[in-house]
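Naming: A, B, ... by sequence-line order, numbering from 1 per chain.
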2 protein chains.
Amino acid sequence: METLQQLSQYVSDQIAALKYPASMGGLKTQAAYALGAGGKHLRPVMTIATCMALGGTKTQALNQALGVEIFHNFTLVHDDVMDKSDTRRGKPTVWAKWDETSAILSGDAMLTLANMYVARSAGERLERVLDLFNTAAMEVYAGQELDMQFEDRLDVTTSEYLHMILLKTAALIRCACGLGVIMAGGDDATLEAMKAYAVGIGMAFQLRDDYLDTYGDAATFGKPIGGDILNDKKTWFLTSVLESDEADNIKAIISDKSLAPDAKIAAVKEIYDRLELPGKCTKLVEQYTKMAVMALDDTPMSDENKKFFTDIAESLKTRAI
Amino acid sequence: METLQQLSQYVSDQIAALKYPASMGGLKTQAAYALGAGGKHLRPVMTIATCMALGGTKTQALNQALGVEIFHNFTLVHDDVMDKSDTRRGKPTVWAKWDETSAILSGDAMLTLANMYVARSAGERLERVLDLFNTAAMEVYAGQELDMQFEDRLDVTTSEYLHMILLKTAALIRCACGLGVIMAGGDDATLEAMKAYAVGIGMAFQLRDDYLDTYGDAATFGKPIGGDILNDKKTWFLTSVLESDEADNIKAIISDKSLAPDAKIAAVKEIYDRLELPGKCTKLVEQYTKMAVMALDDTPMSDENKKFFTDIAESLKTRAI
């Protein structure tokens, strides 16, 4: 197996060389822009690595890997319209660079392009591939819907929050690994094991993201620290406070529109610290990581390949970017 | 074969009884609302009737028919966001009733739902079904993109316009008929013949729509007459004028913002009439209808079934709603 970095580079090269169908017309401009924005390509790497670790070749699940990555980027294009976010990875978002209608329409075209790639060269596995992919797609939308509904609520529980990120974030990583298993011809037990692994790292990934948004280093993390706090985003931290004795205190801070940004961040962090949430979050990330790593034992992969996936899971615990 | 009305009612009943996947979450509310808005269900009826006329059963292509109808309604949900249209078939559009984010997200979910239905029970025909459907989807987006680009242009030619409606309108009707052929197990020659039939009626349908928007009867047509003229919409009529000696005259009318709506409609219609466009449009509709009907001869269907499709094509020529 190649290294994570090598596989990530391989995916980058494949995306750069992507052939868009002629029927896509001018919408390939926005699609190529959105897909070329960079990123770590975690999901497609997972598809390819899973397939290889189970005896498949590097190209055997390539189309499915690209389909998942195209799908992920389509959701970002539409999410940015819904959230009115004008930059992503330091570049203008599609709606900000063109307009809202271009972003909606090119996102739609990217979803259809994702469907095309996921189906390509799936052969006799096509039906299972589509079932897994379409269900995951629905889960991602349902997760995004919950996330938006949470914006208007101050009674979101941590379990509601965990359910939301299971749908919005973990479901597509689960699909990515699952497609790798199916394309490698893995059995059902292996499919379930790799799905469990993927859910573990997906949850750990998102919780670590919540942590870094408040406790990360701005220079390393690549975006301003405290954004979630300023937006009253219903993260694991905020929902934990809303379930605690400090609920009224944080509601008072949220409703106080006169607070300066820095003062608001400091006041909220004081509550987080009082409840020892940073340590509890790190512990939760560790639990999900452990769950992920344990699931690998139910797969027939070699120790060397288990180490590849274990290293990825472990790196999420301490990642700073 | 049942009558057109019976098949249309059958599709309505099936849509009302549609089972949404649990993974769709709360987004099924908007999807059911959009799908329940009524309409003639021309596309799914075409899929089912084509399948039956070629020896298939009524349910054999039902899932594909529903997939096409769900897809069509998804495009309407997103188009209404892009066009800021707040009513459709006399009811508030999804974005107007909920909000823009709900409309974008539920539209995405409807596209994935369409993919699920199109793939369902396709068996060994799955790959061909998906190829046809995904390509048509791309063409519809590309057509919508062209249509929006035309808004900012005053040099759109009639051939550009015909190319645009081939993509935006005819491609999905072609797909609907094509899916019926594939699910019935028809051969390639029949597939091509039914695609040609569908393109013919698709083009005739859209051109008749352009005609009715200017020359229809408001009470029968169901929307105010002259909307296209007031919006400077690049229809077959306007693009025909832009190619003629009257181009400067119509540009002067378009740039005169002081004209009252009624005066503008009258002035534009005067040009249309001077160029004898109503008669030319009707003739073009007849040509496309004839092309459609002729294609039926290259299919193995019975004379009775050919009459069914011929009647549909002929009815488009004179339809007033």
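- For the pair A/Q60 and A/C51, the tightest heavy-atom approach, listed with the atom from each and the gap, is CB-SG, 3.7 Å.
- Contact tally against chain A (heavy-atom pairs below 4.5 Å) for B/D79, B/D83, B/L105: the top residue is B/L105.
- The distance from atom CE of A/M194 to atom CD1 of A/I182, rounded to the nearest 0.5 Å, is 12.5 Å.
- For the residue pair B/A61 and B/M183, the shortest heavy atom distance occurs at CB-CB, 3.7 Å.
- Put simply, of B/T101, B/D108, B/L111, the one with the most heavy-atom pairs under 4.5 Å next to chain A is B/D108.
- Ranking A/S23, A/G25, A/P21 against chain B, the residue ahead of the rest is A/S23, based on heavy-atom pairs under 4.5 Å.
- Salt-bridge formation is detected for the pair A/E100/A/K84: a Lys NZ or Arg NE/NH1/NH2 atom is positioned less than 4.0 Å from an Asp or Glu carboxylate oxygen.
- Here the straight-line distance linking atom CD of A/E69 with atom CD of A/Q64 works out to 14.0 Å at 0.5 Å rounding.
- For a heavy-atom cut-off of 4.5 Å, chain A lies close to B/L113, B/N115, B/M116, B/A119, B/L126, B/E127, B/L130, B/N134, B/T135, B/A137, B/M138, B/E139, B/Y141, B/A142, B/Q144, B/E145 in residues 113-146 of chain B.
- The six-membered or imidazole ring of B/H72 lies away from that of B/H41, with a centre-to-centre distance of 6.0 Å or more.
- Between the side chain of A/D210 and the main chain of A/T235, no donor-acceptor pair closer than 3.5 Å is present.
- The two residues B/V77 and B/S106 come nearest to each other via the heavy atoms CG1-OG, 4.5 Å.
- Using a 4.0 Å cut-off between charged nitrogen and carboxylate oxygen, A/D213 and A/K233 do not count as a salt-bridge pair.
- Inspection of non-hydrogen atoms places no residue of residues 156-172 of chain B under 4.5 Å from chain A.
- Contact annotation for A/M148: only side-chain heavy atoms (C-beta onward) come within less than 4.5 Å of a heavy atom of chain B.
- Interatomic distance, NZ of B/K97 versus OG1 of B/T87, reported as 13.5 Å (0.5 Å rounding).
- Side-chain atoms of B/S85 do not come within 3.5 Å of backbone N or O of B/V81 as any donor-acceptor pair.
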